[in-house]
4 protein chains.
Amino acid sequence: MTSPTIPGEIKRGRPRSEQVERAILRAAADILAERGLEAMTIEDVAARAGVGKTSIYRRWSTKGTLALDAFLLDFLQSQPLPDTGSLDGDLVAVLRAWVRTARETSMGRALTELVAQAQYDPDLAAAWRQRVVGPTRAQHRRVFERAISRGEIPTGSDVDVMMDLLFGPAYHRLLHGHAPLSDRFIRRVVAMVVAGAKAGAAVPTTSR
Amino acid sequence: MTSPTIPGEIKRGRPRSEQVERAILRAAADILAERGLEAMTIEDVAARAGVGKTSIYRRWSTKGTLALDAFLLDFLQSQPLPDTGSLDGDLVAVLRAWVRTARETSMGRALTELVAQAQYDPDLAAAWRQRVVGPTRAQHRRVFERAISRGEIPTGSDVDVMMDLLFGPAYHRLLHGHAPLSDRFIRRVVAMVVAGAKAGAAVPTTSR
Amino acid sequence: MTSPTIPGEIKRGRPRSEQVERAILRAAADILAERGLEAMTIEDVAARAGVGKTSIYRRWSTKGTLALDAFLLDFLQSQPLPDTGSLDGDLVAVLRAWVRTARETSMGRALTELVAQAQYDPDLAAAWRQRVVGPTRAQHRRVFERAISRGEIPTGSDVDVMMDLLFGPAYHRLLHGHAPLSDRFIRRVVAMVVAGAKAGAAVPTTSR
Amino acid sequence: MTSPTIPGEIKRGRPRSEQVERAILRAAADILAERGLEAMTIEDVAARAGVGKTSIYRRWSTKGTLALDAFLLDFLQSQPLPDTGSLDGDLVAVLRAWVRTARETSMGRALTELVAQAQYDPDLAAAWRQRVVGPTRAQHRRVFERAISRGEIPTGSDVDVMMDLLFGPAYHRLLHGHAPLSDRFIRRVVAMVVAGAKAGAAVPTTSR
DNA sequence: TCGTAACCGAGACGGTACGTCTGGTCTTTTT
DNA sequence: AAAAAGACCAGACGTACCGTCTCGGTTACGA
């Protein structure tokens, strides 16, 4: 959001309506689900929300950041932090949840389109990193750290690289569409990551 | 290209000028490098190439497929098929070449933007799979198959998944920008893939 | 019209459609008659004419000049060049025709609104002088010159001032609305002008 | 002004600030002189006067009536009631004063633009007639009536028509710009009006 | 002296139209 | 028949103001 509310600032003039904000996000989310980001038009959103275009531009500078906020209404809470007792089980659970969201909900389309849009819009890219990638990775990091503290994988394993090995292939198939996001795919990716980790391939000290 | 020239067809009228085609692709490649895909406009390309818009629409149906052709002028030959004698060495060479192209040449920007555009344009997505993903993966497949025939990794390893594990993380960092495509990153990704493969994690028969 | 057609120019590309031009002028004239110049919107005109906005902007730079062309479709031919045999009779006929147009036709409203608009738009003001004031005055000048050649009024009478004395009061009442454009008013204005002219008040040599 | 202050009304609440009113009129007059009526915006005036838009709308219903009040700060007192002893001399003095105001002061622009605006805004038109045309004509009427009582022109002369003959041509040239408001023009118009009047052309009883 | 009603500045609100830009198509003349 | 040129319809863009409204706060009266 682009709200310029500085904490210690005196508030003057009519305050921005939260109701208007909600109406805009709802309309944006609906259009996003129905017709996708490219077909989503500020004019449409305004009309659907029963709102003037200015009320949108006042809050969001690009349609990408608006779409991001609409996307985030539901996305984050759809990504669980499992605790099955084993790294293997946790990673399968995490990846399955992501794949389900990407393939079976209206957020999937928004997900790919937002990543796409972020390639053109640096503001959106920064917001995406901060508001989606950051929180998600923080959550996944805990999964790996629990495995380390359980002794499942070596201390000093490069968690960042392992997270990229987990989600990179999934995004890869989602964005390129060259192969399916099957459950077998999920299981094999996890198996590879866990095997590599247990072998200590992600521990820098060993020769690298 | 979307050229509708059917091989056994009798050609009538003025034949299409190859010079026009080259001028269009050159103009498109230049604009792509200078200002990116989003700012690239059919009108711009036509003006820059000194060509009518019709001459472009006659050959390409969308700006995505035009950009793809401009991109492919140089891309494929920048991706080598190394033969260092070890899987580890080959994979590092392959990934380094890709990262160099993505980060240090004007093709890098086009690469991300084409992937982005393919999320909206099914024609481009299909062309991308067929003309970029297909050839590239065919080449990488040989690397893994050589390793199998050398006995480095088990027979029956799931090469498709291994390729996704190799390039997925790289695309992931390129597209999200949350972490750098450093050489250390490359080495660790390769180490993990090789370790996982040697451990037989990509061989389906084992329990999975 | 703002058509940039230079006579000796080579014409390239698709020529402008006369049909489009007619449709635009017709739509503009209709809206002008129904709702006036201020309520006339380029968007409305385009929609009513079934034409893109660009096709209007390509031809006219401001809505004033467009309205002027729409107005001129009919105006000039509504202003007669009478020949009753006396200056008095001719002037009454001229003024009556103008008053009828101003008060009883849809052009009346356009007339006042165009004069109004010309106060803000220098292009329109210039066009108005050249395309309305010029031709009209040329016609009226003939009336006075015939009176001079008949010997009704002195040679050397200042025709320009006399024309202003004839039409000035009429525009005055039309624009300010402080008194009616009655037939009695017309007759008295003409009587005053003719009396003054016969008295030689418009001949500069006499003392002035 | 559109102040709804009914005399016998009980006044409750905070009274309107005269200082606010002055600030608004000053800002309006300045903008009017600098950029004209069309460019004058309620938002601009409010910003310049350091005042909320509501404080303007509370006092004036349209920008035309606001501009009229700003115009009237100075206009009326710039129009003198001369007494040279002859009709000819008085009329020349009156007309010269008007022409000077129209051509050499910042009120000139406002004058034409207000007449223009009044063509669209009936409230402004009514106010213009009542607050500008009325007082001005009342003053000029005295000039003619003095000439009648001196015996310069016949009793029963149609003063209204004569005033239109005097100012009509002047407004005509000002608004259409087809000819200059020169001093020679002023003298000839006055000469014609006086000659016509003396010849009794404005006396209805004679045949008309 | 205290309430209350109308004022005040600020700025958000739903709208409308602006003039520009681009998309993809169509219509000319020229090659 | 293909080419360059450029007109065509369509419609979104982001901006500017409109006239209204809602805030927090001020001012002066009259109960």
Side-chain angles (χ1 to χ4, degrees), chain A residues 10-17 19-21 23 38-47 49-59 61-63, chain B residues 11-17 19-20 23 38-44 46-47 49-59 61-63, chain C residues 10-17 19-21 23 38-47 49-59 61-63, chain D residues 10-17 19-20 23 39-47 49-63:
Chain A
I10 321 135
K11 293 219 181 140
R12 299 206 296 183
R14 178 174 176 176
R16 292 189 186 166
S17 157
Q19 189 184 323
V20 164
E21 193 145 312
E38 194 169 53
M40 172 177 130
T41 270
I42 298 286
E43 301 216 321
D44 278 355
V45 175
V51 138
K53 284 200 285 178
T54 2
S55 292
I56 299 180
Y57 285 116
R58 202 175 285 124
R59 292 173 169 79
S61 55
T62 65
K63 86 170 172 181
Chain B
K11 294 217 184 149
R12 300 207 296 180
R14 178 172 172 178
R16 291 192 186 163
S17 157
Q19 190 183 322
V20 165
E38 194 169 55
M40 174 178 128
T41 270
I42 298 285
E43 300 214 321
D44 277 355
V51 139
K53 283 199 288 179
T54 336
S55 294
I56 298 180
Y57 282 115
R58 201 175 286 120
R59 291 174 169 82
S61 55
T62 65
K63 85 169 172 181
Chain C
I10 320 134
K11 293 219 183 144
R12 299 205 295 184
R14 179 175 174 176
R16 292 191 186 162
S17 158
Q19 190 184 322
V20 164
E21 192 146 315
E38 195 170 53
M40 173 178 129
T41 269
I42 299 286
E43 300 215 321
D44 277 356
V45 176
V51 139
K53 283 198 287 179
T54 359
S55 292
I56 298 179
Y57 284 115
R58 201 176 286 121
R59 291 173 169 81
S61 55
T62 65
K63 86 171 172 181
Chain D
I10 320 134
K11 291 211 186 155
R12 298 208 295 179
R14 177 176 175 176
R16 291 191 187 162
S17 157
Q19 189 183 323
V20 164
M40 174 178 129
T41 271
I42 298 286
E43 300 215 323
D44 277 355
V45 175
V51 138
K53 285 199 287 177
T54 336
S55 292
I56 299 181
Y57 284 115
R58 202 175 285 123
R59 292 171 169 80
W60 291 275
S61 56
T62 66
K63 85 169 173 182

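In what follows, chains carry the letters A, B, and so on, assigned in the order in which the sequence lines appear, proteins first and then strands, with residues in each chain numbered from 1.
Between the C1' atom of E:dA6 and the CZ atom of D:R59 lies a distance of 12 Å, rounded to the nearest Å. Counting to the nearest Å, the C1' atom of F:dC18 and the CH2 atom of D:W60 are 18 Å from each other. Atom-to-atom, CD of B:E43 to C1' of E:dT25 comes out at 12 Å; the value is rounded to the nearest Å. Straight-line distance from the CD1 atom of C:I56 to the P atom of F:dG11: 15 Å, rounded to whole Å. One interatomic measurement links the two molecules: CG of B:D44 to P of F:dG6, which rounds to 16 Å at whole-angstrom precision. Rounded to whole Å, the distance from NZ on A:K63 to C1' on F:dA12 is 9 Å. To the nearest angstrom, P of F:dA12 lies 13 Å from CD of A:E38.
Distance from the side chain of B:T41 is smallest to E:dT22 among E:dG9, F:dC18, E:dT22.
Within 4.0 Å (heavy atoms only), B:T54 reaches at least one base atom of the nucleic acid.
At the phosphate of E:dG14, OP1 or OP2 sits under 4.0 Å from a side-chain N or O atom of A:S55. Between C:R16 and the phosphate of E:dC26, there is no side-chain N or O to OP1/OP2 separation shorter than 4.0 Å. OP1 or OP2 of F:dC8 sits under 4.0 Å from a side-chain N or O of C:R58. Look at C:S17 and you won't find any side-chain N or O under 4.0 angstrom from OP1 or OP2 of F:dA7.
Looking only at side-chain heavy atoms (C-beta outward), A:V45 and A:K63 stay at 4.5 Å or farther from each other.
Across the interface with DNA chain F, nearest-nucleotide mapping of B:A46 and A:I42 shows B:A46 to be the residue nearer the 5′ end. Between A:G13 and A:V51, it is A:G13 whose nearest contact on DNA chain E lies nearer the 5' terminus. Residue-to-nucleotide proximity on DNA chain E shows that, of A:V20 and B:Y57, the 5′-proximal contact is made by A:V20. Summary of the strand contacts: D:A39 and B:A49 both lie near DNA chain F, and taking for each the nucleotide with the nearest heavy atom, the more 5' one is attributed to B:A49.
When every heavy atom of C:R59 is checked against every heavy atom of C:S17, the shortest pair comes out as NH2-O, 3.2 Å. Closest of all the heavy-atom pairs between D:S55 and D:V20 is CB-CG1, 4.3 Å.
Residue C:R12 places no side-chain atom within donor-acceptor reach of the base of E:dT29, judged by atom type and a 3.5 Å distance cut-off alone. Remark: the C:R14 side chain and the E:dC26 base include a donor-acceptor N/O pair separated by less than 3.5 Å. Under 3.5 Å, the side chain of D:K53 and the base of E:dG11 form no donor-acceptor pair of N or O atoms.
Between C:I42 atom CD1 and C:T54 atom OG1 the span is 11.5 Å, to the nearest 0.5 Å.
No side-chain donor-acceptor contact under 3.5 Å links D:T41 to the backbone of D:E43.
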